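Working notes, beginning with the structure itself.
Note that the structure is predicted; figures quoted are calculated from it, not measured.
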Amino acid sequence: MACPMKPALPAATERYGGSGREMDRVAGELVDGHGRRIDYLRLSVLEQCQMRCFYCHPGRPRQKKANPRLPAARVIRLAAAFVGLGVRRVRLTGGEPLLRCDLEEIAAGISTLDGIEEVTLSTNAELLAPRAAALRTAGVGRVNVSLDSLDRATFARITGGGCLDRVVAGIDAALAAGLRPVKLNSVVMRGINDHEIGALLGFAREREVDLRFIETMPIGPAGADSSRLLVPADEILAAVRAHCGGELVPLLERRGGGPARYYRLDDGTTVGVISAMSRHFCADCIRVRLSACGDLQLCLGRPGRVGLGQLLADGASDLELQQAICQAIGDKPYGHDFADPATAATLEMTAIGG
């Protein structure tokens, strides 16, 4: 991996937590040791979430104290370091990002960075409706929304009491505000919501939004039941064919920086599958994750973190920050092995950032 040093270029200034000078940059692209160009950052802005989805949180009482989150200026400064190294897409995640009242400030700061091409948001959408228009103005281009069921009782069971009606209102508000395309993420769980594939397809078709079905993953303590609940991607696609009554045409073009494989239905609806268990996509991974306290995680399914947030707290310069990122990216593993307890990640999904 080559990250040669070049003269300082404009990227971030004092209002984003810098030292008052223009940000020193390590020029070039982020390329890991396996030749993959890293241009996509999933940036968690806090760990907390008002929902308690059982595949995301462990079945224990709510933590009284979560890891500290970074102030907006430091979040933007970290994002600027990645953008200065060639990252072009930043997704704001959590927890639930909308629990931060300064989310629009963060989005606006990142969206105006030189070189950024896209700022997106992952949310459960329960709090989205009153803020969708402001987020669009702040520079958020589109949203991914978690929607695992259209049955109110099942939805409440999965989410620990979430309100389906508010989520649907959030989806509609996003569409009205121009946050397109809206992508719906549905974790398919055997015996819980696998019978709703047809209903979810109808919902996506009615609103002309993309729909992605996701296999359960054994991430952290909450993933203990994932193998029992797993519905493999091939089985999901077979159910989609049965409900749509036509062929699924694979889409060859990439749709964003995520791992979904997409198909087009006869009526134009786009369906994706994310198959972390039955069909790995590690060879094409161009993503890294940053936790709410500024820890860089190189792989969703591997332990090991780099404390970039702590480097900032210790007074690291922007150049030192970028050098640490370059060094870490060089050690990005080729892929995950959820079956190996010695290497699987043990953190909760909310701590990793989804």
Measuring from [X]:[atom1] to [Y]:[atom2], what's the distance to the nearest 0.5 Å?
| X | Y | atom1 | atom2 | answer |
| --- | --- | --- | --- | --- |
| D318 | L312 | CG | CG | 8.0 Å |
| E126 | L99 | CD | CG | 9.5 Å |
| K183 | I171 | NZ | CD1 | 15.0 Å |
| L164 | T154 | CG | OG1 | 10.0 Å |
| C293 | R69 | SG | CZ | 13.0 Å |

Do [X] and [Y] have side-chain N/O donor and acceptor atoms under 3.5 Å apart?
| X | Y | result |
| --- | --- | --- |
| Q48 | E96 | no |
| R42 | T93 | no |
| Y262 | D210 | no |
| Q310 | D314 | yes |
| S149 | D151 | no |

Distance-only, no hydrogens or angles: does the [X] side chain make a donor-acceptor pair with backbone N or O of [Y] under 3.5 Å?
| X | Y | result |
| --- | --- | --- |
| K332 | D32 | no |
| D194 | G191 | yes |
| N193 | V187 | yes |
| N185 | R212 | no |
| Q297 | C299 | yes |
| T269 | L265 | no |
| E320 | S317 | yes |
| D295 | S291 | no |
| S186 | V188 | no |
| R91 | V119 | no |

Measure the shortest side-chain to side-chain distance between [X] and [Y] over non-hydrogen atoms and say whether it is less than 4.5 angstrom.
| X | Y | value |
| --- | --- | --- |
| F82 | L296 | yes |
| L201 | V240 | yes |
| F54 | T159 | no |
| L211 | F203 | no |
| R89 | D39 | yes |
| I197 | H243 | yes |
| C244 | D267 | no |
| I192 | Y55 | no |

Looking at [X] and [Y], what are the two nearest heavy atoms and their distance?
| X | Y | result |
| --- | --- | --- |
| L175 | V182 | CD2-CG2, 3.6 Å |
| I38 | C285 | CD1-O, 4.1 Å |
| P232 | L230 | CD-O, 3.8 Å |
| V140 | A107 | CG2-CB, 3.7 Å |
| A174 | V143 | CB-CG2, 3.9 Å |
| C49 | N124 | SG-ND2, 3.5 Å |

Assess whether atom CZ of R205 is packed by more than 12 heavy atoms of other residues, nucleotides or ligands within 6.0 Å.
->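 Result for CZ/R205: enclosed.
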
What do you reckon, is CZ of R152 surrounded by more than 12 foreign heavy atoms closer than 6.0 Å?
->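 No, because the 6.0 Å sphere around CZ of R152 holds 12 heavy atoms or fewer from other groups.
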
Ion pair present between R142 and E118, side-chain N to carboxylate O less than 4.0 angstrom?
->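 A salt bridge links R142 with E118.
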
Taking NZ, NE, NH1 and NH2 as the nitrogens, is one of them in E104 or R136 under 4.0 Å from a carboxylate oxygen of the other?
->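 Here E104 does not pair with R136 in a salt bridge, since their nearest N and O are not under 4.0 Å apart.
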
Criterion side chain to side chain contact (heavy atoms under 4.5 Å, CB included) on L43 and V75, from CA distance to verdict | CA-CA 8 Å; L43 198 167; V75 174; 3.5 Å; yes

Decide yes or no on side chain to side chain contact (heavy atoms under 4.5 Å, CB included) for N144 and T123, but give the supporting numbers first.
-> CA-CA 6 Å; N144 286 11; T123 174; over 6 Å; no

Evaluation steps, side chain to side chain contact (heavy atoms under 4.5 Å, CB included), between L200 and L184 | CA-CA 9 Å; L200 289 163; L184 305 181; 5.9 Å; no

